[in-house]
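Please read the structure below before turning to the comments.
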Amino acid sequence: MGVQDFAKLVRNVPDFPKPGIQFKDITPLLQHGPGLRAAIDDMVAATADLDWQVAVGIESRGFLFAAALAYATGRGVALVRKPGKLPADKVRLEYALEYGSDAIEIHADAVAPGQRVLIVDDVLATGGTARAASDLVTGIGGRVAGYVFLAELGFLNGRARLADATVRSLLVW
Ligand code: AMP
């Protein structure tokens with residue numbers, strides 16, 4: 001199954017969560033065994049040349065792809081979570097979203113000093129979330145080796161905010 005096939009498994013939901021936003025719903029892809037496998041395999045291939053040691057997944061859909069990438073390549077996964085979820089010593093950052101604003105947190109010891117991180121999420125929109133995740137990682141001493149997304153909303157030019165490292169996405173809309 002190629003990129004064009006699993007692209008068809010992403011559902012467009014108009015006006016969610018707010019009027020004017022076209023939401024890219026990946027749940028049909030997640031439910032489809034061959035589609036999910038193809039997406040993970042393609043993400044592994046798309047990042048094979050990047051020198052990374054730990055995948056950092058962004059809550060919550062980013063966790064799915066970060067864990068799969070980490071498992072497939074024998075690496076670990078660290079979590080960037082919404083506020084109030086992480087139990088131990090943590091760092092928090094506020095940031096702007098395509099629809100509203102939010103905050104994210106990371107455990108202070110999620111990444112070792114100098115460790116090279118691959119930041120993983122399902123959709124790159126404005127880039128605000130990935131930018132914030134990247135800043136959290138560097139704030140606790142990690143280094144960002146790259147970013148990978150299942151899909152990118154190209155018209156929002158989120159990758160312009162991620163110019164500090166290589167950005168890979170399987171689909172561009
Ligand atoms: P952003 O910070 O604007 O790049 O937004 C990225 C985060 O919000 C990701 O975790 C996405 O899952 C989610 N997101 C933003 N816009 C959309 C969209 N149009 N469709 C699906 N997910 C989106």
Side-chain angles (χ1 to χ4, degrees), residues 3-4 6-32 35-36 38-40 42-43 46-47 52 54-70 77-86 90-107 110-111 117-139 142 144-173:
V3 170
Q4 293 316 317
F6 68 72
K8 291 179 197 141
L9 294 167
V10 178
R11 174 165 58 196
N12 290 310
V13 182
D15 301 319
F16 182 89
K18 288 185 176 174
I21 302 291
Q22 173 151 265
F23 195 83
K24 301 291 186 181
D25 176 18
I26 63 161
T27 60
L29 171 66
L30 296 175
Q31 290 163 225
H32 192 281
L36 179 60
I40 301 300
D42 281 12
M43 268 194 170
T47 51
W52 61 280
V54 63
V56 166
I58 301 176
E59 185 166 6
S60 58
R61 283 158 289 157
F63 289 174
L64 299 163
F65 296 102
L69 268 180
V77 61
L79 309 180
V80 163
R81 298 211 63 178
K82 298 188 173 132
K85 304 283 189 184
L86 290 171
K90 62 208 160 200
V91 181
R92 179 189 177 120
L93 199 62
E94 308 251 344
Y95 66 100
L97 269 181
E98 184 188 3
Y99 36 82
S101 75
D102 212 339
I104 51 174
E105 297 179 341
I106 195 167
H107 272 154
V111 173
V117 160
L118 180 66
I119 292 178
V120 186
D121 205 356
D122 65 332
V123 173
L124 172 62
T126 65
T129 308
R131 178 73 264 144
S134 179
D135 291 344
L136 280 179
V137 164
T138 53
V144 178
Y147 302 86
V148 66
F149 305 92
L150 179 77
E152 171 181 358
L153 301 175
F155 60 94
L156 292 173
N157 200 23
R159 61 170 61 223
R161 301 175 73 175
L162 309 178
D164 54 318
T166 305
V167 180
R168 300 270 160 76
S169 56
L170 304 186
L171 307 169
V172 181
W173 284 298

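The residues of the chain are indexed from 1 along the displayed sequence. Atoms within a ligand are numbered from 1 in the order they appear, just like the ligands themselves.
Only the side chain of Leu153 comes within 4.0 Å of ligand 1, judged by heavy-atom distances.
Using a 4.5 Å heavy-atom cutoff, the side chains of Phe65 and Asp121 are not in contact. Within the 4.5 Å cutoff, side-chain heavy atoms of Leu29 are placed close to those of Leu150. Under the 4.5 Å side-chain criterion, counting only non-hydrogen atoms from C-beta, Leu124 is in contact with Leu162.
Between the OH atom in Tyr147 and the CD1 atom in Ile58 there is a gap of 9.0 Å [rounded to 0.5 Å].
Short contacts between ligand 1 and Asp121, defined as distances under 4.0 Å to a heavy atom of the residue, involve ligand atoms 9 (C), 10 (O). Listed by number with element, the atoms of ligand 1 under 4.0 Å from a non-hydrogen atom of Thr129 are 1 (P), 2 (O), 5 (O), 6 (C), 7 (C). Ligand-side atoms of ligand 1 in range of Thr126: 1 (P), 2 (O), 3 (O), 4 (O), range being under 4.0 angstrom from any heavy atom. With ligand atoms numbered from 1 in the order given, ligand 1 contributes 12 (O), 22 (N) to contacts under 4.0 Å with heavy atoms of Arg61.
Among the atoms of Ala130, none of the N or O lies under 3.5 angstrom from an N or O of ligand 1. Checked against a 3.5 angstrom limit, the closest N/O atoms of Glu59 and ligand 1 fall outside it.
Between the Asp15 side chain and the Gly20 main chain, a donor and an acceptor come within less than 3.5 Å of each other.
Within the structure, the closest approach of Gly127 to ligand 1 falls below 4.0 Å when heavy atoms are considered.
Comment: Glu105 engages Arg92 in a salt bridge, judged by a side-chain N to carboxylate O separation of less than 4.0 angstrom.
Distances from atom 12 (O) of ligand 1 to the heavy atoms of Val123, Leu150, Leu124, Asp122 show the closest one on Asp122.
When all heavy atoms are compared, the tightest approach of Val144 to Ser134 is CG2-OG, 3.3 Å.
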